[in-house]
Structure formats: structure tokens, C-alpha cells
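These notes are about the structure you will find just below.
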Amino acid sequence: MRAKRGAAAAAAAALPKQRAVHARLEKSARPDVLYATGVMRAYLRASLPLQSLRLLGGLLPRAPRLLATSFSLSVALQACGSAEARVPVSVGASLHACAIRSGFAAADLFVRTALVEMYAKAGRVDLAREAFDEAPLRDVFLCNVMLAAYVARSEVAEARKVFDGMPTRDLVSWNTMIHGYAMRGEVGMAREIFDGTEDRDAFSWSSMISAYAKNRRSKEALELWREMRAASIVPDCITLVSVVSACSDLGALAIGAEVHHFVQSNRIELDLKLGTALIDMYAKCGDIENSQRVFDGMLEKDVQTWSSMIIGLANHGLGHESLNLFSKMISERMKPNGVTFVGVLIACTHVGLVSEGKRYFRSMNEVHGIEPTVEHYGCMVDLLGRSGHVEEARQLIKSMPFEPDAIIWRALLGACRIHKNVEIAEEAMAKLRVLDPLGDGHYVLLSNIYAQANSWEGVAEMRKTIRRDNIQRIPGRSSIEWEEKIHEFVSGDRLHPRSKEIYRMLEEMMDRLKQAGYKPMTGLVLQDIDEQSKERSLAEHSEKLAIAFALLTTPARSTIRITKNLRACEDCHSAMKFISLVYDRKLIVRDRNRFHHFSEGQCSCKDYW
């Protein structure tokens with residue numbers, strides 16, 4: 001992209017000389033065809049295709065041979081196909097007719113390629129294909145234009161037919177197909193083409209890494225990044241953004257920091273996308289301090305940059321800091337968007353600022369002209385419910401201008417658990433059984449609410465429903481980064497190479513926690529098993545396995561960072577407070593809802609999550 005901009009700038013710098021030639025051509029009774037074609041090409045290279053076509057139209061009556069050469073005809077076709085020209089496809093069709101009459105359409109591959117590209121860029125891939133099929137000979141350049149035309153329209157199956165029929169292919173051919181499959185999310189097919197590509201360049205690697213990152217196959221994205229570095233391929237900014245995004249997803253702080261160091265040591269420009277991706281990565285990996293440093297160091301910021309920092313602070317429980325940053329954003333005349341307000345409302349939720357949350361919610365439409373979406377209503381239900389205004393949250397749901405989704409009813413159900421409201425919990429559950437009947441978390445929550453109310457019949461009914469409807473629990477997964485690798489644990493698994501050591505450490509850890517006063521919350525276990533088995537089930541939750549691994553492998557008193565796919569359960573939350581105290585460790589845990597910073601037996605959420 002930069003190379004194209006540089007070429008256009010160089011061409012623009014040469015325009016004064018070409019415009020002088022243009023002026024002489026217009027005054028000439030018999031304009032010189034070679035000079036005219038040169039000026040047309042200069043306009044085209046300077047991204048002024050309309051000027052090129054105007055010159056052609058003005059000179060053609062006096063210089064009919066202007067379209068009598070394949071070079072001038074191809075330049076005219078390229079100008080027609082340029083997005084900046086915005087000319088009707090009929091203009092290109094008339095040039096096509098001229099090419100047929102002159103014989104260039106059949107005999108000259110340069111003209112034939114320009115024809116196919118012109119129709120493709122005009123959005124007429126059908127006419128492009130007709131022009132392609134009519135070609136008596138096809139070289140790799142013509143085939144690549146047809147490939148690109150199909151990929152641009154996401155017609156990758158048609159592109160594949162052209163690709164498979166090509167007698168020879170170059171790197172552009174392979175890269176176009178990798179990109180086509182990647183854009184459609186067909187990661188397996190993209191990888192098949194990638195693996196068959198010889199002499200891959202930065203674009204090949206970037207397309208494949210981006211495909212993995214966009215499809216949440218982040219471990220594969222980082223594995224490929226390591227291979228790319230080992231192959232001594234210099235990454236571009238697009239690749240770096242994809243790698244940083246994969247680090248954000250996995251909580252891979254060390255790899256993300258390594259990428260940041262690479263950017264700094266190679267003096268790569270920290271543009272808006274890369275800078276914002278780094279802010280997001282550090283925040284999602286639990287390092288909010290470095291996230292703030294990147295933000296403060298950026299000279300240029302857009303709404304995405306501000307929003308990422310606001311959301312990062314909010315998710316770390318730094319609600320007041322998040323709201324102060326929002327005020328600064330407004331004072332600097334940066335217009336917020338819907339994403340910004342998600343961060344603002346999350347900030348209010350995590351520190352219980354109900355009045356402020358209501359005020360910000362009203363200001364969305366009244367002050368900033370932003371219509372609240374279902375996500376904003378969900379934040380408000382969460383804010384009201386967590387702070388004890390459960391009935392008000394219920395009434396807000398009823399007043400919504402659209403149908404509430406499962407996430408909103410789940411937020412209300414969670415509030416009922418905190419404030420032990422059985423009646424509204426049953427109403428929310430009735431809605432969830434329709435909207436998300438297989439969501440295992442709903443049944444666990446309601447069972448806990450029944451248990452809090454000593455409604456053992458309700459608990460038994462939930463267990464019966466789970467068995468009868470064969471509701472499968474989503475396995476809890478916790479990951480930890482060690483030695484630049486992501487180690488993932490599933491509740492109760494024994495697949496890790498150091499599993500025996502981990503379980504020995506786990507047993508020792510649980511004994512020490514109990515001596516310090518920890519009591520397993522066996523009431524959270526819905527299976528019909530004895531108390532000892534329930535304790536074992538709780539002890540083998542994924543985050544406890546990840547922490548046991550960290551105690552085995554990391555230096556004493558170092559910070560432990562865990563990423564979990566689900567909300568942390570009350571038992572693990574309690575255990576982690578004891579772990580921070582007993583082992584004198586800081587733990588930073590990212591669950592589905594927020595970050596928890598554990599230290600000296602306390603959590604930053606103050607049990608408000």
C-alpha cells in the first residue's frame with residue numbers, strides 16, 4: 001500500500017511537465033499518438049484516470065490512431081476500470097468493441113488482460129469471465145486478474161476452478177487463493193494452499209496468520225508467527241496486528257511484549273491500528289500499566305484507541321479512572337461511539353456507580369445522538385441488578401424497544417443469585433429455557449439460588465432437568481503462559497506432560513488452604529455424589545490446576561496470570577484469595593466478565609462480580 005502511494009506521489013510530482021505536453025497536444029492539429037499515450041499513462045499513474053479519459057475524448061476526433069496501438073488501448077481500458085474514474089461500463093464496452101475491430105482483443109494479451117480487469121473493477125464479473133473465456137491464449141497475468149476478480153466478490157469456489165486450470169502459477173496466484181479462503185473464514189482450505197506455496201513472502205504469512213487470528217484459532221496463529229520469524233521473513237504492520245490480537249485472545253503477555261519490543265527495536269511506525277491493538281493486548285493480558293503507557297505514548301488517537309483504553313481500565317475494576325479518561329476524551333472533542341459507552345457502563349457496573357450509569361445511559365441519545373443497543377441495555381441490567389435494584393432492572397427489560405436476548409436475562413439471573421431473589425430468578429429462567437435451552441450455566445445459577453433459599457426441592461428439580469434434557473456443561477478452560485508457550489487446562493484433565501507433578505502440587509496446595517481457613521463450597525456441585533467427591537471435583541477446576549502448574553514452574557513471589565473462558569466460580573474465587581495470602585503471590589485472573597487482582601487475601605473486585 002505504501003509502495004502504491006509512493007508511486008502515485010512520484011507520478012504526481014511529474015505532472016507539471018505532462019500537463020505542459022497536454023496543453024501542446026490540445027493546440028496541435030495532428031496530435032502525436034506517442035506523446036498523447038504517455039500523458040494518459042502519467043495521469044493514470046497519478047491516480048487521475050478521469051483526466052486520462054478526458055484527454056482521450058478531446059484528442060480522438062483529430063487523432064483516430066490514438067486507439068490503434070495495443071499500449072494506448074490498454075491504458076484507456078485501465079483508466080475506465082479505475083474506481084476514481086466512476087465511468088459507466090458502457091464506456092469500457094465501447095473500447096472493447098474497438099479492440100475487437102482492431103484485432104487486439106484476440107491477438108494481444110496485454111489488451112485482453114486490461115479488458116478483464118476493466119470489467120471486474122466495474123463490478124461486472126460476468127463480462128470479465130466472458131472476456132477471459134474468449135482469450136485464445138492465457139498467461140499467468142491474465143489468470144491472476146480473473147482470480148482476483150472472483151476473490152474480490154468472495155466467489156472463491158469459482159476462483160479455485162480458474163486456479164486449478166492454470167498451467168503455471170506464480171506467487172501472486174497462490175497468495176490470491178490464500179487470501180480468498182482466509183477472507184471467507186475457510187481456514188483449513190487457506191492452510192492447504194499455504195502449505196503448497198513455495199517461496200512464501202510476507203503477504204503469504206500475513207494472510208494465513210490473520211485467518212487464524214480472526215477465527216479465534218490463536219494458538220495456531222502464534223505457532224505460525226514463530227515459524228515466520230524462524231524463516232527470517234520481515235513482518236508488516238498487518239501481520240503484527242494479527243499476532244498481537246492472537247496474544248490478546250490467549251492472554252499471551254510474554255509473546256505480545258516480544259512483538260512490542262520488535263516494533264520498538266526496528267523503529268516500526270506505531271500507527272493507529274497497531275497502537276490500539278497493543279493497548280488492547282496489554283489490557284487483556286492483565287498488564288494495565290503497560291496498556292496505559294502505550295496509550296499515553298501515542299501522538300495520534302482515534303475513537304477506537306480511546307475506547308480500548310476506557311474498556312481496559314473498566315475491566316480491571318478501575319472504574320473511576322475509566323470515567324476520568326472518558327471525560328478527557330470528551331474535553332478533547334473526540335466523538336464517542338457505541339463501543340465507548342459499553343466501556344463507560346462497564347466501568348459504572350464494576351464499581352457500583354448506579355446514578356452515574358443512568359446519567360451516561362441517558363446521555364447516549366440526548367447528548368451524543370447514539371441509539372442504545374441491546375448490549376448497552378444489558379450493561380444497564382447488570383449495573384442495576386448487581387447493585388440490588390433487581391426490580392428496576394426487570395422493569396427496564398420490559399421497557400426495551402426490542403426483544404431482550406439471552407445475555408440480558410442471564411444478567412438478571414446473575415443479579416438474583418447475588419440478592420437471593422427466587423421469584424424473579426424463576427421468571428428469568430423461564431425466558432432462558434426458550435432463548436438458550438442448552439445453556440448449562442443458567443441451571444447452575446438457579447440451582448445455587450434455590451440452595452441459598454434452602455429450597456432443596458428446587459435444587460433436585462434442576463439436577464433432574466440437567467439429566468433429563470442431557471444438558472452438557474461447557475468445560476472450564478484456563479490457560480497460563482510459560483516459556484513462550486500457552487499451557488491450557490480443562491477441569492479434571494490429566495493430559496499435561498507434567499500432570500503427576502501438578503496433581504501432587506494441587507493436593508499440597510489444597511491442604512495448605514484448608515489449614516488457613518478455606519472451606520470448599522460443595523453446594524455448588526450439582527452432581528449426585530458424596531461430599532468427598534464434591535471436594536475433589538472443586539479442587540480439580542481448571543484455574544486451580546493452572547495455579548498448581550504456576551506454583552511448580554514460576555519463581556517465588558512472582559505474579560501468576562490466568563485466563564479463563566468462563567466466569568470464575570465462587571469456590572475458586574475464595575480459594576484464590578487464600579492462595580494469594582498463603583503463597584504470598586499476586587494473581588491476575590481474567591474470566592469471562594472482568595479481571596480479578598488477588599493480593600494478600602483480597603480481590604480487587606471486593607466480591608462484587
Side-chain angles (χ1 to χ4, degrees), residues 378 381-382 385-386 390 393 404-478 489-493 519-546 562 564-576 589-594 596 605 607-609:
V381 169
D382 203 22
R386 286 176 186 274
V390 180
D405 62 10
I407 295 171
I408 284 185
W409 288 112
R410 173 66 183 261
L412 186 64
L413 186 63
C416 292
R417 177 194 61 81
I418 296 170
H419 300 288
K420 303 175 183 176
N421 192 317
V422 176
E423 182 183 349
I424 295 180
E426 289 177 337
E427 179 185 344
M429 188 65 191
K431 299 291 186 181
L432 286 166
R433 279 179 165 168
V434 175
L435 294 168
D436 187 14
L438 299 179
D440 66 298
H442 320 326
Y443 299 92
V444 175
L445 270 176
L446 187 56
S447 178
N448 293 343
I449 294 166
Y450 282 139
Q452 289 171 338
N454 294 320
S455 174
W456 305 113
E457 288 182 8
V459 173
E461 179 60 30
M462 284 300 99
R463 289 176 176 170
K464 181 181 174 183
T465 302
I466 289 170
R467 285 196 302 270
R468 184 189 65 228
D469 296 347
N470 194 29
I471 292 164
Q472 301 296 316
R473 293 207 65 177
I474 297 171
R477 295 179 182 273
S478 296
F489 299 88
V490 179
S491 296
D493 84 34
K519 292 181 181 178
M521 299 179 183
T522 54
L524 298 174
V525 182
L526 295 186
Q527 292 101 315
D528 192 13
I529 52 179
D530 60 47
E531 282 295 301
Q532 187 176 359
S533 298
K534 287 181 180 181
E535 284 194 23
R536 189 182 307 115
S537 173
L538 290 171
E540 293 179 1
H541 277 192
S542 62
E543 50 266 70
K544 292 190 184 85
L545 293 173
I562 306 288
K564 186 174 183 186
N565 65 328
L566 304 175
R567 178 185 180 274
C569 77
E570 290 91 334
D571 181 76
C572 286
H573 193 268
S574 171
M576 285 186 278
V589 179
R590 168 181 141 195
D591 72 5
R592 187 173 61 186
N593 291 345
R594 61 169 294 161
H596 300 265
C605 76
D607 296 335
Y608 189 83
W609 97 107

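Atoms CD1 and CD, on I529 and E535 in that order, are 10.5 Å from each other to the nearest 0.5 Å. Here CZ of R467 is found 8.0 Å from CZ of R463. Values are rounded to the nearest 0.5 Å. To the nearest 0.5 Å, the span separating CE on M462 from CE on M429 amounts to 5.5 Å.
Taking both residues in full, the closest heavy atoms of V381 and A411 are given as CG1-CB, 4.1 Å, listed atom of the first, atom of the second, then distance. Across every non-hydrogen atom of D591 and N593, the tightest pair is OD1-N, 2.8 Å. For the pair A453 and V422, the tightest heavy-atom approach, listed with the atom from each and the gap, is CB-CG2, 3.8 Å. When every heavy atom of L432 is checked against every heavy atom of A406, the shortest pair comes out as CD2-O, 3.4 Å. When all heavy atoms of S574 and M521 are compared, the pair lying nearest together is CB-CE, 3.9 Å. Heavy-atom minimum distance, C416 versus V390: SG-CG1, 4.1 Å.
Heavy atoms of other residues, nucleotides or ligands lying less than 6.0 angstrom from CD1 of I407 number 12 at most.
A donor-acceptor contact shorter than 3.5 Å is absent between the side chain of N448 and the backbone of L445. With hydrogens and angles ignored, the 3.5 Å screen pairs no side-chain donor or acceptor of D469 with any backbone N or O of P437. Formation of a donor-acceptor pair under 3.5 Å by the K544 side chain with backbone atoms of L538 is found in this model.
Using a cut-off of 4.0 Å between Lys/Arg side-chain N and Asp/Glu carboxylate O, E570 and R417 are scored as salt-bridged. Ion pair K519/D571 not flagged as a salt bridge, since none of the NZ, NE, NH1 or NH2 atoms sits closer than 4.0 Å to an Asp/Glu carboxylate oxygen.
Annotation: salt bridge (charged side-chain N to carboxylate O under 4.0 Å, His left out) contacts involving residues 424-447, sequence neighbours excluded, comprise R394-E427, D440-R473.
Side-chain contact between K564 and R590 is absent, with no heavy-atom pair separated by less than 4.5 Å. Contact check for H596 versus M576: no side-chain heavy atoms found under the 4.5 Å cut-off. A 4.5 Å side-chain heavy-atom check between H442 and W409 finds every atom pair outside the cut-off. Between S447 and V459, some side-chain heavy-atom pair lies under the 4.5 Å cut-off. Using a 4.5 Å cut-off on side-chain heavy atoms (C-beta onward), R477 and F489 make no contact.
Partners of D530 under the side-chain hydrogen bond (donor to acceptor under 3.5 Å, both in side chains) rule, at least two apart in sequence or in another chain, are S533.
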Query - Step-by-step side chain to side chain contact (heavy atoms under 4.5 Å, CB included) determination, R592 to N565 - result: CA-CA 6 Å; R592 187 173 61 186; N565 65 328; over 6 Å; no
Report task. Starting from the C-alpha separation in whole Å, work towards a yes-or-no answer on side chain to side chain contact (heavy atoms under 4.5 Å, CB included) for N421 and E423. Result -> CA-CA 6 Å; N421 192 317; E423 182 183 349; 3.9 Å; yes
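If you check the side chains of S491 and E540, you find no donor sitting under 3.5 Å from an acceptor.
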